[in-house]
Amino acid sequence: MTPLSQYLALGAVIFVVGLFGVLTRRNAIGILISIEIMLGAVSLNLVAFSRFVETTTLNGQVFSVFVMTVAAGEAAVGLALILALYKSVRAVFADKFNILKW
Amino acid sequence: MNWSELLSAPLAFKMLALAAVVFAVGAVTLKNVFHCALSLAAMFFALSGVFVLLNADFLAVVQILVYVGAIVVLMIFAIVLTERITSTTVRQTNHLVIPGFLLCLALLAGLVSVMRAAAWPAAGPGPQPDTIKIIGRQLLSTHVEAFEVASVLLLAALVGSVFLGKEITKK
């Protein structure tokens, strides 16, 4: 049985990779992809804790189901926002979305 | 747990972890956004394999259904609707690559040091044989308020994305 710390280390690495993508991507769809990677890492941590710490009630897996729900809603709304922005700005790059500047 | 399981589980974990990290790096750094979406799908396949190792079989299946079946397909739709796929000559990263890399490295070092300092439980009690039953019962008893809020959230996301995706008529 792999110890808990290895699962947590894997979750930390994947989370950091996703954070790097959020910070450095120009493409708004790429930023959404990186956010999904971060949510996946969080979900991995929740499942690992639910296997090693709290096994009777499986609360971690239930939380992970909620994380997936929020991720699905976030992807739908985010992609609809990007499509609506693309109609007006004709670009998907985050530094082109400067129409709120005064 | 028999001997073959004891020997093979860490190797399977290592391979799945390596695949997940490689595909995550690919999804973040590839120049073509379409390839990024495909790499994201592969990463979620590897991650659901890790879930299987953690005895979360229901969650592994739901992960593939929701992420690979719905979210990645939605992203591919958005990619092909917004830009030309072959536009790889455009710069894909902003000017924050080196500071962002250093910040992420510092965060990873902090997380790993905290992880090493803490005393984690070595091995929990035996895994639950029937996770679907327990998750369903938990969703409708202990977490029923969160369940209802999640359903309202999904409805709001549905209505909001339909409204945002609609053609806006300017007067």
Side-chain angles (χ1 to χ4, degrees), chain A residues 1-10 12-14 16-21 23-27 29-30 32-34 36-37 40 43-44 47-48 50-53 55-59 61-62 64-66 68-77 79-84 86-87 92 95, chain B residues 9-10 13 17 20-21 24-25 27-28 33 36-37 40 44 47 50-51 54-56 59 62 66 70-71 74-75 78-79 81-83 91-94 96-97 100-101 104 107-108 111-112 115 120-125 127-128 131 134-135 138-139 143 146 150 153-154 157 160-161 164-165:
Chain A
M1 190 76 201
T2 318
L4 173 60
S5 56
Q6 292 197 15
Y7 290 103
L8 296 185
L10 174 63
V13 169
I14 293 177
V16 167
V17 168
L19 180 66
F20 177 72
L23 288 176
T24 58
R25 285 315 284 255
R26 272 180 83 218
N27 197 324
I29 300 174
L32 270 184
I33 287 176
S34 309
E36 297 297 334
I37 292 174
S43 170
L44 171 66
V47 174
S50 122
R51 172 67 184 85
F52 281 90
V53 181
T55 50
T56 52
T57 58
L58 291 182
N59 272 335
Q61 297 194 21
V62 177
S64 188
V65 171
F66 289 133
M68 277 177 202
T69 313
V70 175
E74 171 252 331
V77 176
L79 292 171
L81 272 174
I82 289 172
L83 285 181
Y86 182 73
K87 274 183 210 157
V92 288
D95 45 7
Chain B
F13 172 75
V21 171
V25 170
V28 164
V33 193
C36 291
L40 180 76
F44 278 117
L47 216 54
V50 178
F51 282 4
L54 283 166
N55 299 102
L59 223 57
V62 170
V66 171
I71 292 181
L74 208 62
M75 278 177 174
I79 288 166
L81 280 178
T82 50
E83 59 172 348
R91 203 162 49 90
Q92 289 289 340
T93 54
N94 56 14
L96 281 175
V97 174
F101 184 72
C104 292
L107 179 67
L108 183 64
L111 285 175
V112 169
M115 243 176 263
W120 303 109
Q128 298 289 339
T131 59
I134 301 173
I135 288 175
Q138 286 279 327
L139 271 180
H143 302 285
L153 178 83
L154 278 182
S161 50
L164 287 172

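Below, read A as the first sequence line, B as the second, and so on, with proteins coming before strands; counting in each chain starts at 1.
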When only pairs under 4.5 Å are counted, which of [options] shares the most heavy-atom pairs with chain A?
{"options": "B:Thr131, B:Leu111, B:Leu59, B:Val21", "value": "B:Leu59"}
{"options": "B:Val66, B:Leu96, B:Val25, B:Ile134", "value": "B:Ile134"}
{"options": "B:Ala27, B:Cys104, B:Gly160, B:Gly100", "value": "B:Cys104"}
{"options": "B:Leu154, B:Ile71, B:Leu47, B:Leu139", "value": "B:Ile71"}

Using non-hydrogen atoms and a 4.5 Å limit, figure out which bit of [X] sits close to chain A: side chain, backbone, both or neither.
{"X": "B:Ala70", "value": "neither"}
{"X": "B:Met75", "value": "both"}
{"X": "B:Leu81", "value": "both"}
{"X": "B:Leu108", "value": "both"}
{"X": "B:Val112", "value": "neither"}
{"X": "B:Leu40", "value": "side chain"}

Side chain, backbone, both or neither: which part of [X] has an atom under 4.5 Å from a heavy atom of chain B?
{"X": "A:Leu44", "answer": "both"}
{"X": "A:Gln6", "answer": "both"}
{"X": "A:Ser50", "answer": "neither"}

Of all the heavy-atom pairs spanning [X] and [Y], show the shortest one and how long it is.
{"X": "A:Val17", "Y": "B:Val28", "answer": "O-CG2, 3.5 Å"}
{"X": "B:Gly165", "Y": "A:Ala80", "answer": "N-CB, 4.4 Å"}
{"X": "B:Phe44", "Y": "A:Gly40", "answer": "CE2-CA, 4.1 Å"}
{"X": "B:Val50", "Y": "A:Tyr7", "answer": "CG1-CE2, 3.7 Å"}
{"X": "A:Ala76", "Y": "B:Ser161", "answer": "O-CB, 3.8 Å"}
{"X": "A:Ala9", "Y": "B:Met115", "answer": "N-SD, 3.6 Å"}

Most chain B-contacting option - heavy-atom pairs closer than 4.5 Å, from [options]:
{"options": "A:Thr57, A:Val70, A:Val13, A:Val92", "answer": "A:Thr57"}
{"options": "A:Ile37, A:Leu19, A:Leu81, A:Ile82", "answer": "A:Ile37"}
{"options": "A:Ile33, A:Val65, A:Leu83, A:Asn59", "answer": "A:Ile33"}
{"options": "A:Ala12, A:Gly30, A:Gly18, A:Ser34", "answer": "A:Ala12"}
{"options": "A:Thr69, A:Leu32, A:Leu58", "answer": "A:Leu58"}

A side-chain contact here means heavy atoms from C-beta on lying under 4.5 Å apart; do A:Phe52 and B:Leu54 qualify? yes
Here the gap from A:Gln61 atom CD to B:Phe51 atom CZ, rounded to the nearest 0.5 Å, amounts to 8.5 Å
In this structure, CG of B:Leu153 is separated from CZ of A:Phe66 (nearest 0.5 Å) by 11.0 Å
